[in-house]
Q: 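Quick one: the structure is below, questions incoming.
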Amino acid sequence: FIVSKDTFEHIADMEAMLSALRQLLASGGQIWAGFSPLYNSPWGDHGRAGVRIPWGHVVLPSKVVYALASRHQGRTVRSLHDLELNGITPRAFRRWVECSGLQFESVRYNQSEKKLLRLLDLLRNVPMLESLATVSIYSVLVAS
């Protein structure tokens, strides 16, 4: 049994991490994982880029975001990895889980009573908006 809270959006190589976690589990073992905010969501830069408007870190060119982040951090930022973020999307997470030998027992998105998250949860069902409207993922993964 493995529990992970608010870490998966920071792991540089999620495919390798999920495979390594899978190796630690017996057949039927579970990983309970919850993480947020995802990078493409309104505040997915975790405040690390210093962009103070929702989705600003997504809509501005990367060069601008990294320049703002460098100023905000007081050090050179050239990539998301320099901000200790991985840019994970719901689609990528589902793909990595599939490739790791794990299976979803359950997966939920945007779990909250906050009105904005309920609205975003409706919008995430529009395929081209899924990554922009998914703030959090909570899942139970099972080793096959």
Side-chain angles (χ1 to χ4, degrees), residues 1-25 29-143:
F1 189 75
I2 298 169
V3 176
S4 174
K5 178 69 172 120
D6 290 336
T7 55
F8 281 11
E9 75 275 23
H10 301 284
I11 305 297
D13 188 346
M14 272 301 299
E15 187 172 5
M17 174 59 75
L18 287 173
S19 292
L21 292 176
R22 166 59 189 97
Q23 295 304 313
L24 296 172
L25 294 171
Q30 296 182 340
I31 300 172
W32 291 16
F35 53 101
S36 73
L38 277 66
Y39 185 75
N40 290 328
S41 68
W43 302 276
D45 70 339
H46 290 61
R48 296 175 184 196
V51 180
R52 293 189 169 99
I53 56 172
W55 290 287
H57 59 285
V58 176
V59 298
L60 292 171
S62 296
K63 276 184 150 180
V64 173
V65 172
Y66 298 149
L68 290 169
S70 295
R71 183 174 177 196
H72 182 69
Q73 295 282 322
R75 61 184 173 84
T76 302
V77 173
R78 293 189 181 100
S79 70
L80 284 182
H81 296 289
D82 291 341
L83 293 173
E84 298 173 349
L85 299 170
N86 62 14
I88 194 169
T89 64
R91 173 186 256 173
F93 181 60
R94 291 189 297 266
R95 186 179 66 245
W96 291 330
V97 167
E98 183 180 310
C99 292
S100 69
L102 296 163
Q103 297 176 347
F104 284 102
E105 181 172 294
S106 68
V107 62
R108 295 183 179 160
Y109 305 94
N110 297 344
Q111 295 296 291
S112 175
E113 293 301 315
K114 294 179 181 178
K115 290 179 183 178
L116 177 59
L117 279 181
R118 290 194 312 235
L119 173 62
L120 289 173
D121 200 45
L122 292 173
L123 293 174
R124 69 169 298 285
N125 292 304
V126 177
M128 58 191 265
L129 297 180
E130 183 187 35
S131 73
L132 295 171
T134 303
V135 176
S136 60
I137 298 176
Y138 296 92
S139 62
V140 176
L141 308 174
V142 180

Q: Less than 4.5 Å apart, side chain to side chain, heavy atoms only: is that true for Ile2 and Gln30?
A: no
Q: Is the closest side-chain heavy-atom distance between Leu18 and Glu15 below 4.5 Å?
A: no
Q: Could you tell me which non-hydrogen atom of Ser136 sits nearest to which non-hydrogen atom of Ser36, and how far apart they are?
A: CB-CB, 3.4 Å
Q: Answer with yes or no whether the side chains of Thr134 and Arg124 bring together a donor and an acceptor at under 3.5 Å.
A: yes
Q: May I ask you to test the Lys5-Thr7 pair for a side-chain heavy-atom distance under 4.5 Å?
A: no
Q: For the side chain of His72 and the backbone of Gly47, is there at least one donor-acceptor N/O pair under 3.5 Å apart?
A: yes
Q: Does atom NZ of Lys114 have more than 12 heavy-atom neighbours from other groups under 6.0 Å away?
A: no
Q: I'd like to check Leu38 versus Thr89 (side-chain heavy atoms, cut-off strictly below 4.5 Å). Are they in contact?
A: no
Q: The criterion is side-chain contact (heavy atoms from CB on, under 4.5 Å); which residues satisfy it with Gln111, sequence neighbours excluded?
A: Arg108, Tyr138
Q: Around atom CZ of Arg78, are there more than 12 heavy atoms of other residues, nucleotides or ligands at under 6.0 Å?
A: no
Q: Cut-off 3.5 Å, side chains only: do Glu84 and His46 have a donor facing an acceptor?
A: no
Q: Would you say the side-chain atoms of Arg22 pair up with the backbone N or O of Leu25, donor to acceptor, closer than 3.5 Å?
A: yes
Q: Check for a donor-acceptor pair, side chain of Asn40 on one end and backbone N or O of Gly87 on the other, with a separation under 3.5 Å.
A: no
Q: Can any side-chain N or O of Ser19 pair as donor or acceptor with the backbone N or O of Ser100 at less than 3.5 Å?
A: no
Q: Any non-hydrogen side-chain atom of Leu60 less than 4.5 Å from a side-chain atom of Leu68?
A: yes
Q: Taking the side chain as every heavy atom from C-beta outward, state whether Tyr109 and Pro90 have any atom pair closer than 4.5 Å.
A: yes
Q: With no hydrogens and no angle check, is any side-chain donor or acceptor of Arg75 less than 3.5 Å from a backbone partner on Asp82?
A: yes
Q: Which atom pair, heavy atoms only, marks the closest approach of Ser41 to Trp55?
A: C-NE1, 3.7 Å
Q: Does the side chain of Glu98 come under 3.5 Å of the side chain of Trp96 through a donor N or O and an acceptor N or O?
A: no
Q: Please name the pair of heavy atoms, one in Leu83 and one in Gln73, separated by the smallest distance, quoted to 0.1 Å.
A: CD2-CG, 4.1 Å
Q: Does some side-chain heavy atom of Leu132 sit less than 4.5 Å from a side-chain heavy atom of Val58?
A: yes
Q: List the steps and the verdict of side chain to side chain contact (heavy atoms under 4.5 Å, CB included) for Met128 and Val126.
A: CA-CA 6 Å; Met128 58 191 265; Val126 177; 4.2 Å; yes
Q: In terms of relative ring orientation, are Trp32 and Phe1 parallel, tilted or perpendicular, with 30° and 60° separating the classes?
A: perpendicular
Q: For residues Asn86 and Ile11, report the shortest heavy-atom separation together with the two atoms involved.
A: ND2-O, 2.8 Å
Q: Taking CZ in Arg118 as the centre, count heavy atoms belonging to other residues, nucleotides or ligands within less than 6.0 Å. Is the count above 12?
A: yes
Q: When you measure from the side chain of Ser70 to the backbone N and O of Val77, does any donor-acceptor pair fall under 3.5 Å?
A: yes
Q: Is it the case that the side chain of His57 and the backbone of Tyr39 share a donor-acceptor pair, with hydrogens and angles ignored and the cut-off at 3.5 Å?
A: yes
Q: How close do Pro42 and Leu120 get, heavy atom to heavy atom, and via which atoms?
A: CG-CD1, 4.0 Å
Q: Quick one: does Tyr66's side chain get under 4.5 Å of Leu80's, heavy atoms only?
A: yes
Q: Do you know the tightest heavy-atom contact between Leu102 and Leu141?
A: CD1-CD1, 4.1 Å
Q: Taking the six-membered ring for Trp, are the ring centroids of Phe93 and Phe104 within less than 6.0 Å of each other?
A: yes
Q: Nearest 0.5 Å, please: how far is CG in Leu21 from OG in Ser4?
A: 7.5 Å
